[in-house]
Amino acid sequence: MIVTKLKSLEEIYDMIKPYSNVLIAGCDGCCQPPRGIHEANNLGKMLKLKKMVDGEKFDYKATTVLRQCDDKIAATALRSLVDDYDAIISMACGIGVQILTKVFPEKLTFPAQNTMFNGAADHEKNSYVEYCNQCGDCLLGITGGICPVAGCAKSLMNGPCGGQIDGKCEVGDYKIDCAWVNIYKRLKKLGRLDLFEKYRPKRDYRLMTSPSFIDFLELDEIEEEINEKEAKA
Amino acid sequence: MSRPAYSNLMKAIKDGKFVFTGELEPVKTVSLDYIIHSAEMMKDYVVAANVTDGPQGFAYINSLVPSMKVQQEVGLETIYQCTVRDRNRIALMADVLAASNVGIKNILTLSGDHAALGDNPGAKPVYDLDCSQFIDLISHMVDKGTDIHGNDIDGKVEINIGSAVNPNNEGEPLEAEIAKLGRKVRVGADFIQTQTVFDIDKTKDFLKEIEKFNCPILVGLFPLKNYGIASYFDKYIPGVNVPKDLMKRLKKTKKKYMPDKKERKKTIADINLDFFRPFMKEIKQNTKAAGIHCMAVHYEKLFPRLFKDL
C-alpha cells in the first residue's frame, strides 16, 4: 500500500485560497492511513471553519473514489460532479492527484497529502513501515526477504555500515533496526550465511531513473511466450 | 594480498614494522595552516596521516586538497579519506584519478556518517556505491587499469586501499560487521583501520577473530585532550565507551578543580600516557595487529612521549 501523510491545514488552505467551491475526493484504494469519504468530509469541515474565521464564503462536496489511480474509475466516479466546482482537492497519493489532473484537465487538482513510501502497517510498533523502494532489481531473494534498499538508510548492497550499534541505525537516534544486521540474523538462522558473505556488485541505476514506463506490449509478449511454451509442452 | 605496496605505509607493513598513523581533520575553512602545522608536529612519529572527509556528515573543506598539500609541503604521506556519501561512481573515479595525479598512495574507503547527522541535515546522501563497491572500483583502476565499468584508463593508478571497521559491538551485530570485513578484504582492501577502542580485552578478541582474513590492521586509539572531549566521545560516538576510571581521572582535571593550566595539561598528558602506553604495548606484543592509528586530533604534541620506545 502507499503510505501518505496529510498536509497541514494551512498549506492546503493556502493552495485553495482563490477558490470558494471545491470538490474533495477521497480514495478507497491502497492509500494508508484510510483517506475515504469520512476523511474528505473532515477536511471539508476544517477548511470551512477556517474560511469562516477569515470571513470568507466556502462550499465543498466530499466524495470518494474506489481507486483514484485508475483513470476509468476516477472519470466514472467524478465526471458528473466536477463541473459544479472551481477546483478539486485529492486525498489520494501523488498518482491519484495526477490521474485526476489528466482526466479533468480543465480544473486544477490540489494534493491534500504528501506521499511517503510503499509500506504496510506494523501493529506491534503501531506505525506504518517502509518496505519497498521500487529499485527495479529486487534483491529479496538474496537477502532473506528483508530489503536493504528500503530498510537501510544508506541503501547499502554490502552492509552493515560502521554506523550500527547493537543492531540499531545511526540515523534516527539508534531507534530503528539495522536492516543488514537483521539480514545477517535471518540468514544465519536459516543456514544461508553464504548469501550474506557474497559480494554484491554495483547496481544499475538506470532501472530507477525517472520518468519510467513499461510498455503494455511487453506484458503481452510474456503472455504469448507462456502460451507458446504451454502449447509445445 | 597480492597487490604491490605502493605507499610508505604498506611498504613499512610489508617490511614487518609496527606502524603508527596519525589523523588530520580539516574543517569548515579556506585555510590549511593549522593542518600543515599539525602535520609538521606529527611527521617524525607516524608513517602516514589520515585526512578526514566531512566527519559526522559535516560540510568541511574537500579532503583531497589537504591530503595533497601535506604530502607536498610537509613531506608526510597521507591516507586520503573518501566517503561514498557525497560522490557517485563518476565522482569517485574522478577523485581517484585526481588523487593519483597528485601522488596520493593511500585511500581509506568509507561509507561516511549519514548526511542527516551533519550540519546540513536536509542534504541528499548519494550512496550510489557502497564501501565494498568503492573498494571494487579502486581495485579495477589499480589492478586492471580500467574504471569500474571496464573502460580503459590512461596511465597507472598506484594506490593502496584502506578499509575501516567498528569493533565496538557485541553478539550478532559484531558477527555481521566481521563478515562484512571479510567481504571487503576479498574485494581488495589492503589494510584496515579500526574505530576508536578503549577496551583491551574486547580488542584482542576482535583481532584474534579477524586474523583469518590475513589483512594488516591498525588499531584506532584516541588520546583524550580534556574531559570535555572524553565525555563527548562517551556520549555521542557510536558504541564508544570511555572507561569509567579514565573518565573519573579526567574529570578531576576540569578547570574548576585544577585552575593551574600548566598543572592541568601535565596531569592530562600523564593520564593519557598511563592508559594508552600499556594498551599499545599489549597490542604490539600480544596481538598480530600491524600498528596503531592514533586519532589525536590537535594533540600531536603528545606523540613523542606516547610512542617513545614502542
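Numbers restart at 1 for each chain; the letters A, B, ... are given by sequence-line order, proteins then strands. The analysis underlying the following values was restricted to heavy atoms, covering all of them including side chains, and did not include hydrogens, waters or symmetry mates.
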Where along residues 198-208 of chain A does a heavy atom come under 4.5 Å of chain B, listed by residue number? A:Lys198, A:Tyr199, A:Arg200, A:Pro201, A:Lys202, A:Arg203, A:Tyr205
Does A:Gln164 use its side chain to pair, donor to acceptor, with the backbone of B:Pro173 at less than 3.5 Å? yes
Is any residue of residues 114-123 of chain B within less than 4.5 Å of chain A by heavy atoms, and which ones? B:His114, B:Ala116, B:Leu117
Does the side chain of B:Glu172 pick up a donor-acceptor pair with the side chain of A:Tyr184 at under 3.5 Å? no
Side chain, backbone, both or neither: which part of B:Asn166 has an atom under 4.5 Å from a heavy atom of chain A? side chain
Only pairs of heavy atoms separated by less than 4.5 Å count here; which of A:Gly172, A:Cys169, A:Ala153, A:Gly163 has the most with chain B? A:Ala153
Sort out for me which of A:Ile165, A:Val181, A:Asn158 touches chain B most, counting heavy-atom pairs under 4.5 Å. A:Asn158
I need the residue from B:Arg89, B:Glu170, B:His149 with the largest number of non-hydrogen atom pairs under 4.5 Å to chain A. B:Arg89
Residue pairs passing the ring pair (Phe, Tyr, Trp, His ring centres under 6.0 Å) test where at least one lies in residues 122-167 of chain A, sequence neighbours excluded: none
Please name all residues satisfying side-chain hydrogen bond (donor to acceptor under 3.5 Å, both in side chains) with A:Asp166, sequence neighbours left out, ordered by chain then number. none
Atom of A:Cys161, atom of B:Ser111 and distance for their closest heavy-atom approach: CB-OG, 3.6 Å
Does the side chain of A:Lys154 come within less than 4.5 Å of B:Pro125's, by heavy atoms? no
